[in-house]
Colleague: 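Pasting in a structure now, in structure tokens, and then I'll have a few things to ask.
Note that the structure is predicted; figures quoted are calculated from it, not measured. No hydrogens, no waters, no symmetry mates; every other heavy atom, side chains included, goes into these values.
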Amino acid sequence: MIAFSNANPQTGGTDNTISENMRKSMKKDGILCGLVMRNEHIIFEYYKNKKAENGIHHINSSTKSFTSRVQKALHLH
């Protein structure tokens, strides 16, 4: 198993407002989980619940969903 270190959003080139907007948007739309990494550091994590955090997820077409969430979060900023 590979372990990655966490970094705050500012280290990853974003800010807490964008991360919080993404979290709110994902929760509102029923998304199970999301993860953003930059330079081998986790800068954002979202899990709907413990089952989503520890379960196995199929990621078919997840890039489109994630990209739309990021765009939505940036426009709310």
Side-chain angles (χ1 to χ4, degrees):
M1 178 177 200
I2 299 172
F4 294 99
S5 62
N6 289 321
N8 64 35
Q10 292 82 10
T11 303
T14 185
D15 64 39
N16 287 333
T17 304
I18 293 170
S19 295
E20 194 53 38
N21 285 343
M22 284 184 8
R23 188 177 315 285
K24 287 177 184 176
S25 177
M26 293 171 96
K27 183 176 182 175
K28 178 183 173 190
D29 293 339
I31 299 203
L32 292 177
C33 60
L35 176 75
V36 177
M37 292 187 67
R38 185 165 190 209
N39 299 327
E40 299 181 11
H41 296 285
I42 298 169
I43 60 170
F44 174 80
E45 282 184 277
Y46 168 78
Y47 301 101
K48 182 177 179 179
N49 53 39
K50 285 290 184 188
K51 183 178 180 183
E53 184 174 355
N54 297 313
I56 295 173
H57 304 280
H58 298 285
I59 60 168
N60 305 21
S61 300
S62 64
T63 303
K64 292 180 282 185
S65 298
F66 176 75
T67 302
S68 69
R69 292 296 139 229
V70 170
Q71 282 184 312
K72 189 173 182 179
L74 290 173
H75 287 293
L76 293 175
H77 182 49

Colleague: My understanding is that only residues two or more places apart in sequence, or in another chain, count here; which of them pass salt bridge (Lys or Arg N to Asp or Glu O under 4.0 Å) with Lys50?
Modeller: Glu53

Colleague: If you look at every heavy atom in Tyr46 and Arg23, which pair is closest and at what distance?
Modeller: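 What the structure gives for the nearest pair is CD1-CG, 3.7 Å.
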
Colleague: Between CZ of Phe44 and CE of Met22, what distance do you get to the nearest 0.5 Å?
Modeller: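 Result: 4.0 Å between the selected atoms.
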
Colleague: Using the test side-chain contact (heavy atoms from CB on, under 4.5 Å), find all partners of Glu45 that sit at least two apart in sequence or belong to another chain.
Modeller: Asn6, Leu35, Ile42, Tyr47

Colleague: Is it true that a side-chain atom of Asn39 and a backbone atom of His41 form a donor plus acceptor pair closer than 3.5 Å?
Modeller: no

